[in-house]
**Student:** 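Structure incoming, see below.
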Amino acid sequence: MEETKKNLLEVKDLKVSFFTPAGEVKAVDGISYNLGYNEVMGIVGESGSGKSVEAYSIIGLLQKPGKVVGGSITFDGQDLLSFDEEQMRNVRGKDISMIFQNPMTCLNPVYTIGNQLMEALQCHDDKITKEEAWDRAVHMLELVGINNAEKRMTQYPHEHSGGMRQRAMIAMALISEPKLLIADEPTTALDVTIQAQILDVMKDIQKRVNTSIIFITHNLGVVAEVCDKVSVMYAGKIVEQGDVNDIFYNPQHPYTKALLASMPRLDEDGHERLIPIEGTPIDLLNPPQGCNFGPRCKECRKICLSKKPPYADLGNGHISACWLHFMEGAAKKEEA
Amino acid sequence: MEERKKLLEIENLKKYFPVKAGFGKKQYVQAVESVSCHIYEGETLGLVGESGCGKTTLGRTIIRLHEPTSGKIVFDGTPIYDSEKKIAVPMLPYRRKMQIIFQDPSASLDPRMTVGEIVGEALDIHGLFQGKAERRERINELLDEVGLNTEHSNRFPHEFSGGQQQRIGIARALAVEPQFIVCDEPISALDVSIQSQVINMLEDLQAEKGLTYLFIAHDISVVRHISNRIGVMYLGSMVELAESYELCNHPIHPYTKTLLSAVPIPDPEKTRSRVRQPLEGEIPSPINPPSGCRFHTRCPYATERCKQEFPKLKEYGPGHYAACHLLEDGKL
């Protein structure tokens, strides 16, 4: 029993497929991870790697033709996948909430910000009075750094700028003090200076209200700044997972290495030529037989093209799915 | 030291867009306000700034996709626009020399034309071939240059991935053998792993053909990588301009400092130990921009003079320009 208490969220071998007219698309293909209390985990990956689909299946917002076809999601000791819509609605917005990528489209344009914030509270608590809800909403807006919160409460989303709206979204997600917050690219649509403000707010709030965060992004810089743990996804699989320092200073999977090498960095000294990842992401309708990254990998061996690689445990929770870890000795001999 | 040839010069370039502001009133979005700079032949000038700062408008106004409101544009020694002398030359011959690569590759390619037609259209307009065989050969050559197969010329844009579509856009720009290309956020819409492929290709093409780029992007790390010099824009005006290494390591304008400190670095220790210069508030509206220095409402050091007078770019180090009264008065 102690094991389950240690982790807030346990995802085991989760599989999500989309059944399209063209065939089954395995958007998430067997991913597992644990998220502890007060932990911030980053999920990095390119578009189409399945990072958002994975998050949507946790919060039960997966849309047709998507379907969870295998695995389990255990949240705070409860099996989320066994919940019906009614039960899920009680969890969603209360224990698990989500910040969406685009603050412009995720707020209802015909309700005031205050209305929408209070609704989030009143939905899950019948007893709360209007005055109480109002006060908590104002307090929450102040917490995310909105000046003039009382006035902002009575305004509509279009009267706010992008950064303001994203702050309001964060306030709405956190107002019921959820145990888990899923942030799906919360800063991608924003400018860097606003992004910096929002990241500061999130870091600050995370400490104050003690939530765990799953931070989905493709920006490695943002991950380095806010996350404790990182999962790198490629084509529906987690290829590498570990502590943030391990991932950035000691990446082991060829994809993670390639991703880090292909990015221009502000702190580089001279002009180094970028090392691109050749080729294009795989077609999930026809995934390769072997390692998904195999066709683009510079260190691809024969076995990589025929069999999927298992995870290698590199210690300290650092795992990487690559055949190279299993043939290190043999491969080195070959090269020598 | 030999004077480098200036391929393009702009002086006090302005672009205002009219907006409706109720009955009888006329207002303008002051998208570009008195920008002066030059681009040397064969270099890449990067342009960074937040959304709405006018960098795209400036790029488009330079090649006169937008007609400037006032100012002066000199290309290769010939004035192509001068509001004072009332010069506005016909652009068709200059379109052969100046081209643009657009931000969104899927929106900038005609969905009803094949790739061959898209690339070939530029050749048709300027009559750059004799006979069908030469035209076909030239199209194949261009596709080959940007890393596409020749059989792709019969396909339609939707059959390609984002990265490939952007390559088609680049092939189209290269078709007329231009000297100068405005790259307007050419990689923003692409995936991280594809971005570096396109960046490398742009660099190779530049080295091969001696192209001059104006590279517009909001991602400062990318601009820092590809540019020789970088200009920073804020709310329509250029606040700092310097060699890219110099600008990123020794920024002098308060806005540039803030902007750079906000960029996350993919290095946990470095990025967490950095002291960030907080920037309060939001970008003001370009319809009613602040008087004087446009940054004064958010600048922590602003003085009375900043509120009154529009600062001009002045040189503070070799090739390092900034527009700030405080620097001028030695207060910073």
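Numbers restart at 1 for each chain; the letters A, B, ... are given by sequence-line order, proteins then strands. Only heavy atoms go into these numbers, but all of them, side chains included; no hydrogens, no water, no symmetry mates.
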**Student:** Checking A/V244 against chain B: side chain, backbone, both or neither under 4.5 Å from a heavy atom?
**Tutor:**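 Contact with chain B involves both backbone and side-chain atoms of A/V244.
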
**Student:** Let me know if A/Y249 has heavy atoms under 4.5 Å from chain B in its side chain, its backbone, both or neither.
**Tutor:**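 Just the side chain, heavy atoms under 4.5 Å.
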
**Student:** Tell me, out of A/V192, A/L220, A/T193, A/T280, who's got the most heavy-atom pairs with chain B below 4.5 Å.
**Tutor:**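 Highest number of heavy-atom pairs under 4.5 Å: A/T193.
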
**Student:** Answer with side chain, backbone, both or neither: which region of B/E50 has an atom nearer than 4.5 Å to a non-hydrogen atom of chain A?
**Tutor:**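 Contact with chain A involves both backbone and side-chain atoms of B/E50.
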
**Student:** For B/R294 and B/P290, which heavy atoms make the closest approach, and how far apart are they?
**Tutor:**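 In terms of heavy atoms, the two residues are closest at O-CG, 3.6 Å.
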
**Student:** Any side-chain heavy-atom pair from A/M263 and B/H225 closer than 4.5 angstrom?
**Tutor:**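 A side-chain contact under 4.5 Å is absent here.
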
**Student:** Verify whether one side chain among A/S212 and A/E39 offers a donor that lies under 3.5 Å from an acceptor in the other.
**Tutor:**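 No, because no side-chain N or O of A/S212 sits under 3.5 Å from a partner of the opposite role on A/E39.
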
**Student:** With a 4.5 angstrom heavy-atom cut-off, could you sort out which part of B/E269 is near chain A: side chain, backbone, both or neither?
**Tutor:**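 Both backbone and side chain of B/E269 come within 4.5 Å of chain A.
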
**Student:** Count the heavy atoms of every other residue, nucleotide or ligand shown that sit under 6.0 Å from NZ of A/K26, and state whether that count exceeds 12.
**Tutor:**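 Count not over threshold, so no.
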
**Student:** May I ask you to decide if the ring planes of B/F295 and B/H253 are parallel, tilted or perpendicular, using 30° and 60° as cut-offs?
**Tutor:**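 Aromatic pair B/F295/B/H253 classed tilted.
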
**Student:** Find the one option among A/R265, A/H218, A/R273 whose heavy-atom pairs under 4.5 Å with chain B are most numerous.
**Tutor:**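 Highest number of pairs under 4.5 Å: A/R273.
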
**Student:** Using a 4.5 angstrom heavy-atom cutoff, name the option from B/S161, B/S193, B/G49 with the most pairs to chain A.
**Tutor:**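 Sorted descending by pairs with chain A, the first entry is B/S193.
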
**Student:** Using heavy-atom distances under 4.5 Å, tell me whether A/Q195 contacts chain B through its side chain, its backbone, both, or neither.
**Tutor:**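 The side chain, not the backbone.
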
**Student:** Tell me whether B/R167 is salt-bridged to B/E145, with the criterion being a basic N under 4.0 Å from an acidic carboxylate O.
**Tutor:**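 Here B/R167 does not pair with B/E145 in a salt bridge, since their nearest N and O are not under 4.0 Å apart.
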
**Student:** Pick whichever of B/V263, B/I220, B/T258, B/D267 has the most heavy-atom pairs under 4.5 Å with chain A.
**Tutor:**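 The residue among B/V263, B/I220, B/T258, B/D267 with the greatest pair count is B/D267.
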
**Student:** Can you tell if the side chain of B/E246 reaches within under 4.5 Å of the side chain of B/I230, non-hydrogen atoms only?
**Tutor:**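 Answer no - side chains too far apart.
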
**Student:** Does any backbone or side-chain atom of B/I283 lie under 4.5 Å from a heavy atom of chain A? Answer side chain, backbone, both or neither.
**Tutor:**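 Neither part, no heavy atoms under 4.5 Å.
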
**Student:** Please rank B/R274, B/H218, B/K270 by heavy-atom pairs under 4.5 Å with chain A and give me the top one.
**Tutor:**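 Highest number of pairs under 4.5 Å: B/K270.
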
**Student:** Is any side-chain heavy atom of B/V222 less than 4.5 Å from a side-chain heavy atom of B/F215?
**Tutor:**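 Result yes, sub-4.5 Å side-chain heavy-atom pair found.
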
**Student:** Give, as side chain, backbone, both or neither, the part of B/L259 having an atom under 4.5 angstrom from any heavy atom of chain A.
**Tutor:**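 When you check distances to chain A, atoms from both the backbone and side chain of B/L259 fall under 4.5 Å.
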
